[in-house]
Amino acid sequence: MNRLKYLFLLLFMFVGSIAMAQQVVSKLKTQIMNIPIPDGVGVDVINGQGYGSALSVATPASVLYRIAGVDHIISTPSYSNKPLPTIHLIKKNGEWTLENFYPDVTMGGGRNYVFIDSTTIVFADHGMEGVQPRPFGDVWLCKNIDNKLQWTKVSSIKSFYHSVAAGDLTNDGKFDVIGLQMGVIDGWGGVAGLHTYTQEPNGTFVLNKDAISDARWTNEHIAGQGSILIADIMGDKRPEIIEGQYGRGPKPYGLAIFQYDETTKNYQFVKQTPDVGELANPDQGSTSIKTGDFDKDGLVDLAVASEGLPHDNIQIWKGNGKGDFTPGQLLNYGDKYVQFPDSTNFFREFEIADVNNDGWLDIIVHPFNFGSKFRINPTFPPLPNSNTTGEGIMLQHSIWINQKGKFSTLAADLSFKGIRPGFMKGFKIGNELRFFGYENAMTASNVHQFKIYEVSIGFCNSVIKPQFSASQYSFCGSGSAKVNLTNGQSGDSYQWSYAGKQETNATPSIEIGQATKISVVKTDALGCKISSDTITINKLPQPLIPTISQDNAKMYVSSNVNGNTWFKDGVQLKDTTQKIKPIAAGVYSAKTTLNGCASSMSDGIYFVGENVLATQQESSLFVSPNPFQTSLFINFPIEWGNSVRINLIDMKGAKVFFKEKVINHETLSLNQLAPGTYLLEMESITDSTKSRRFKVVKMAE
Amino acid sequence: MDMKNLLILAFALVLFSCSKSADPSPTPVAPTPPAPTAAELVKKVWSAGVVQWDGTTQFDKSSSANIVAGYSQFRLDLTSSTAVTLTEFDGKKFTGTYSLSSDAKKLTLSGLTSTEGAPSGTNGVLEFTVLAAPSSSSLSLETTAAYVKASSKKVKLNLVP
């Protein structure tokens, strides 16, 4: 019995996990571009490669972002014998277009970047790494103004800028920039390798050697530095400087905290992390630091990326709000390799964003190189002349989902065969996660040709189930039912299933002309799918058209017993019985309504009134026929004199016909009137006390 | 041979000899075509000339003032041997079959129907008495019973092609 109970429990948990599994959808878009960049600017003369080759390895400092609904890419190509121009792409009508390239803004190796705001980015360039002596690089500020880039060189010392951070260090309301160098030309390396550039009122930047002093920063801390962050981690409304260790040293410090000192009026080293976490490994070096409240305790935590052996890592550092951090979960792929860079998913930079919109900050790493968790079936570890790029790429290992403070890589399969980009970088754009990357597509005639791949990933945890406007629908006879959804949204598409058929449309409604059951699968703009309930469409019988007869009591009798409505001259009467007594002259007809289904109108009966025909030519007061089509016969009693005055007034009160003198038995020609109901006023000319109003109906001819 | 037979023989000889000598070259006479039957005469599209309801004229084709002017659109299409199309004074069109009695005294329209059913009160059957022998230029009919659609009056139709 207990065994059976556990079996049911396991089954329940299994079904529950299926129900809870998050639907992830993705779309790959491939575009070929060819940059008209002049020879000598974009051609790598050493490798004989064009600009596309350099783009395919422009990994660390390529960014994708959106401003006011317009998507932008800035890339900093490298892998050349000289620094190459940066490039700016804009998406227009769904296609990437070249906005500009900047021969005056060249980078040998864009290494790191930091967003100041939605339009402003600071890039760190370490310069040419493979050329000796290293020409080193600069720190650049890039502003996007009306979709045009405006570049400003921040640095004044050429250095191997490995990381960059921005914040208001001088408390003047303007952001300042720190470039973390790992090599410098003029000999001044700054305190702890930090070059501080403070922003002047005119927006330019100057090197501020006094921004940080080294009174408490001793040689024992010099283990090397790899990453930098400026953030208020102590809640004192003044940002701190956090520096991440890189490589070996006499004493690892992990993360070093520099705080503004009111006495010295500059930043001073105040503490380091007692537990240095993964940075205790001398083969690890931090590459990037970002903040985020990963456990939703309201306190700032850190994520620190590091590269090296035996694997790349991101370590989560839990903060206490006072500038103290405790190393926590390590995000890595368990690699145990001894040769750099043989990681199964090699990365340096990463992004923090709630990619699945569940309220918890997730982490996206930017894969490159030839790992088996980035490439599909590559030769791994890479061997000379082997198929290092495999059969395609996969991205699920680069998305670390935060489940209530614990990270794990995405379970969904995000494989894309047949593409071989040099890297893929992921950013949260709008409501979706978007990766992009380049693949060299150089030909003899198109030297700078490349492919740009874009993968859009949607997380379907908030897909709205389609709701029908009714729990069931009915229609009559040969008609149809219009089935509506109440919660359709722009961009949705619908696959309707009914009577063994499937039909797809883009509107949240469909006409169905048969009795059946129907359901719909909605696909939203992201590609997320969700099914509706199944509902029933009923076909109701259409009542027979009633035929009218007359019984011995001279009553009109409908052939249908129930559901009758009667009409005189096309106007519905109050009568709903099977029989009615015609009183006034006119055309009588009936229709039958059962279960909401109405028959067509019966044939009409032309009723002229009792005993009228025998006397109408002599003394009756009437107009005939009524309804009429083209003309009205006027008959009035002899006592009214020889002529009458006739007015016809339409239902809006407008006089549409007038004749001052109409003789008895005269026929008025009324062709010109539109079909409808009119009020006819007849008045004796000789005796104004004799007048009568008639409602007359003109039928279509 | 008795006397009677002799007289007959003699009379026959006289006749034979007389006709041969009195008209040696006779002129051919064209055969008279048979008169059309009533059934053939009614095979036309008829329209209303004069219409009376219970003896009161409702429509006269020659008049510009008619009580039921809609009879101007009346049509009784008997061009088929069996099928009939009746377009009533209100424009409703009914189809069905018809038959003319062997003595041509009764015209019966059967199975009359339309999208709105049969003519009111008829169950699809309208019977007419043929008031006068049909001719190529007139057909005179009267409903055998009160016609509900026409205010339950007996309808007399003087039809013209």
Side-chain angles (χ1 to χ4, degrees), chain A residues 544-551 554-560 582 585-592 599-618 622-635 663-671 699-701, chain B residues 48 50-74 85-96 109-126 143 145-157:
Chain A
L544 294 174
I545 302 169
T547 58
I548 305 173
S549 57
Q550 190 173 42
D551 66 8
K554 296 192 174 179
M555 295 186 77
Y556 287 162
V557 182
S558 167
S559 57
N560 292 332
V587 175
Y588 286 79
S589 55
K591 66 169 59 173
T592 301
S599 71
S600 297
M601 191 74 83
S602 74
D603 183 36
I605 293 177
Y606 192 105
F607 177 68
V608 295
E610 295 300 328
N611 303 317
V612 170
L613 288 174
T615 59
Q616 65 184 12
Q617 300 286 2
E618 285 73 35
F622 69 92
V623 295
S624 181
N626 190 12
F628 67 98
Q629 288 184 309
T630 57
S631 57
L632 264 180
F633 181 82
I634 304 298
N635 207 93
I663 62 172
N664 209 359
H665 303 165
E666 181 174 338
T667 297
L668 302 177
S669 178
L670 298 171
N671 283 317
M699 296 189 297
E701 293 179 41
Chain B
V50 176
V51 180
Q52 293 178 326
W53 290 3
D54 280 359
T56 301
T57 299
Q58 303 295 309
F59 178 82
D60 186 337
K61 185 180 179 181
S62 63
S63 171
S64 60
N66 285 300
I67 297 172
V68 184
Y71 270 110
S72 62
Q73 58 190 327
F74 178 93
T85 300
L86 170 65
T87 305
E88 270 293 7
F89 57 87
D90 58 359
K92 302 288 173 56
K93 186 177 284 188
F94 303 93
T95 58
L109 313 186
S110 306
L112 291 174
T113 189
S114 70
T115 55
E116 299 173 356
S120 295
T122 66
N123 286 325
V125 178
L126 261 179
T143 55
Y147 184 22
V148 173
K149 185 174 176 65
S151 202
S152 298
K153 309 299 181 186
K154 287 192 77 172
V155 177
K156 185 176 177 182
L157 300 163

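Numbers restart at 1 for each chain; the letters A, B, ... are given by sequence-line order, proteins then strands.
For chain A, no part of B/Tyr147 is nearby; none of its heavy atoms comes within less than 4.5 Å. Contacts between B/Gln73 and chain A at a heavy-atom distance below 4.5 Å involve the side chain alone, from C-beta outward. When heavy atoms are compared at a cutoff of 4.5 Å, A/Ile545 approaches chain B solely by way of its side chain, counted from C-beta outward. In this structure, chain A has no heavy atom under 4.5 Å from any part of B/Ser114.
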(request) Might you work through the side-chain contact (heavy atoms from CB on, under 4.5 Å) test for A/Asp603 and B/Asp90, ending with a clear yes or no? (result) CA-CA 10 Å; A/Asp603 183 36; B/Asp90 58 359; 4.0 Å; yes
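Between A/Gly604 and B/Ser120 the shortest heavy-atom distance is O-OG, 3.6 Å.
Heavy atoms from other residues, nucleotides or ligands lying under 6.0 Å from NZ of B/Lys154 number more than 12.
Of the inter-residue distances, the one linking A/Tyr606 atom OH with B/Ser151 atom OG reads 8.5 Å to the nearest 0.5 angstrom. For the atom pair CG of B/Asn123 and OG of A/Ser549, the computed distance is 7.5 Å after rounding to the nearest 0.5 Å. Rounded to the nearest 0.5 Å, atoms CD (A/Gln550) and NZ (B/Lys149) are 14.0 Å apart.
Ranked by non-hydrogen atom pairs under 4.5 Å with chain A, the options B/Gly70, B/Gly117, B/Ala69, B/Pro119 are led by B/Pro119.
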